[in-house]
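To start, the structure under review is shown below, and the notes come after it.
Any value given below was found using the heavy atoms of this structure, including those in side chains, with hydrogens, waters and symmetry copies removed. Remember, predicted model here, so these are calculated numbers, not experimental data. Convention: sequence-line order gives letters A, B, ...; per-chain numbering from 1.
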Amino acid sequence: MSDVEILHSRILTWYAANARHLPWRIPASEWPWPGVDRPWAVLVSEVMLQQTPVARVEPVWHRWMDLWPTPAALAAAAPGDAVREWGRLGYPRRALRLHAAATAITRDHRGAIPADLLQLQALPGIGSYTAAAVGAFAFGIRSAVVDVNVRRAEARLVTGAQHPAPSLTAAETRLANELLPRDNADAATWNVAVMELGALVCKASTPACGECPVQAQCAWVLAGRPAHDGPRRTPQKWHGTDRQVRGKLLQVLRDASAPVPRAALDVVWHDEGQRDRCLASLVEDGLVEPLPRELFRLPI
DNA sequence: TACGCGTGGTA
DNA sequence: TTACCAAGCGT
């Protein structure tokens, strides 16, 4: 066996024994919810998982599948309902974009998720990662799914670096494609297997190299696990940022069953200028709908 | 390209 | 406690 074939064999075997049983991973042949469109379910899970951990996504995903089992069902709902049911997953513009994607799928694709990477990526909120993930996991398309877990695992394994570059590089995409198994079915499993290895073993902070099936082949381990030396990603600020204020404003509106007066929003943040600017940006983003007489609500 | 965009768990 | 981290996207 070649070196790459050894990686394939060991990581696929590890995945078979260690994969988490997540609902959106259930194969079509065993899909337990006949009314729930599986490609749609995969797409929703992938958008929810953008920057949000599995544990927080799972209950919201189940709720969404109960409410909106097809793109047409979500398209028929108010965008504000999508924002409300998004709950506290964070980055609520994703909910709005999912609603817009459902509308586009219903209008332009007869309600069926397109089995084509370019058409997927043309949908709102679907970038290169999510298009590849939906293509691979919903339709079995052979394409490299390159998220931060994959980038980190492959960086350590092949390049010997502790961390991947701050943002996706052409070299990382090339490497991921080179490592992708030829066989379509193996490729789909490989994508999710490397992602799972990165999430459970080859972790960012405290990698569990002792549990790694390819430790003996890992360039980073063989180099003595050297500390990162290149530029690190810029740390995110939180306290006092517009993001914090927008989050507080939106929480009031999510929790309200009727339009709320401006006074109810004024109490969440002391700085009037920043508060007004953030409310205006939420309106601009389509996350908040202003009504006459200084009332506000999630968009209908 | 670098930055803005939520939220909460963990060390 | 503060800082880091989590299946990115759009501009």
Problem set entry | N-O pairing of A/Glu5 and A/Arg182 below 4.0 Å | no
Problem set entry | SB check A/Asp186 A/Arg142 (cutoff 4.0 Å) | no
Less than 3.5 Å apart, which donor and acceptor atoms pair up between the side chains of residues 263-270 of chain A and the rest of the protein, not counting sequence neighbours?
residue, atom, partner, partner atom, Å
A/Asp266, OD1, A/Arg275, NE, 3.3
A/Asp266, OD1, A/Arg275, NH2, 3.3
A/Trp269, NE1, A/Gln274, OE1, 2.7

Sequence neighbours left out, what passes side-chain contact (heavy atoms from CB on, under 4.5 Å) with [X]? Give chain and number order.
{"X": "A/Pro27", "result": "A/Ser29, A/Glu30"}
{"X": "A/Trp238", "result": "A/Thr241, A/Arg243, A/Gln244"}
{"X": "A/Arg84", "result": "A/Asp81, A/Leu298"}

For this session: Using the side chain to side chain donor-acceptor pair (under 3.5 Å) rule, take A/Glu46 and A/Tyr129 through it: C-alpha gap first, then chi angles, then the decisive distance, then the call.
Result: CA-CA 9 Å; A/Glu46 290 300 338; A/Tyr129 161 77; 2.7 Å; yes
Got a list of side-chain donor-acceptor pairs under 3.5 Å for residues 112-122 of chain A, not counting sequence neighbours?
residue, atom, partner, partner atom, Å
A/Asp116, OD1, A/Leu118, N, 3.0
A/Asp116, OD1, A/Gln119, N, 2.8
A/Gln119, OE1, A/His109, ND1, 3.4

Problem set entry | Distance, nearest 0.5 Å, that separates CZ of A/Arg38 from CG of A/Leu43 | 12.5 Å
Problem set entry | Along DNA chain C (nearest heavy atom to each residue), the more 5'-positioned of A/Val54 and A/Leu123 | A/Val54
Run the side-chain donor-acceptor check on residues 86-93 of chain A: report pairs under 3.5 Å with partners two or more places apart or on a different chain.
residue, atom, partner, partner atom, Å
A/Trp86, NE1, A/Gly90, O, 2.8
A/Arg88, NH1, A/Gln251, OE1, 3.1

Exercise. When the distance from CG of A/Leu168 to P of C/dC9 is rounded to whole Å, what number comes out?
Worked result: 10 Å
Seminar exercise, completed: Taken to the nearest whole Å, CE/A/Met48 to C1'/C/dC9 is 16 Å
Residues 64-75 of chain A, side-chain donor-acceptor partners within the protein, below 3.5 Å, at least two apart:
residue, atom, partner, partner atom, Å
A/Trp64, NE1, A/Glu85, O, 3.2
A/Thr70, OG1, A/Ala73, N, 3.1

Exercise. Expressed in whole Å, how much space separates the P atoms belonging to B/dC5 and C/dA7?
Worked result: 22 Å
Heavy atom of [range] under 4.0 Å from DNA chain C: which residues?
{"range": "residues 22-31 of chain A", "value": "A/Leu22, A/Trp24, A/Arg25"}
{"range": "residues 187-203 of chain A", "value": "A/Met195, A/Ala199"}
{"range": "residues 124-162 of chain A", "value": "A/Pro124, A/Gly125, A/Ile126, A/Gly127, A/Ser128, A/Tyr129, A/Thr130, A/Asp147, A/Val148, A/Asn149, A/Arg152"}

Seminar exercise, completed: Sorted by chain and residue number, the side chain to side chain donor-acceptor pair (under 3.5 Å) partners of A/Arg10 (sequence neighbours excluded) come out as A/Gln217
For this session: Group every Ile, Leu, Val, Met, Phe, Trp and Tyr by side-chain heavy-atom contacts under 4.5 Å, then state whether A/Val288 and A/Leu291 land in the same group.
Result: no
Seminar exercise, completed: Per-nucleotide protein contact along nucleotides 4-11 of chain B, 5' to 3', at a 4.0 Å heavy-atom cut-off (B base, S sugar-phosphate only, - neither), is BBBBS---
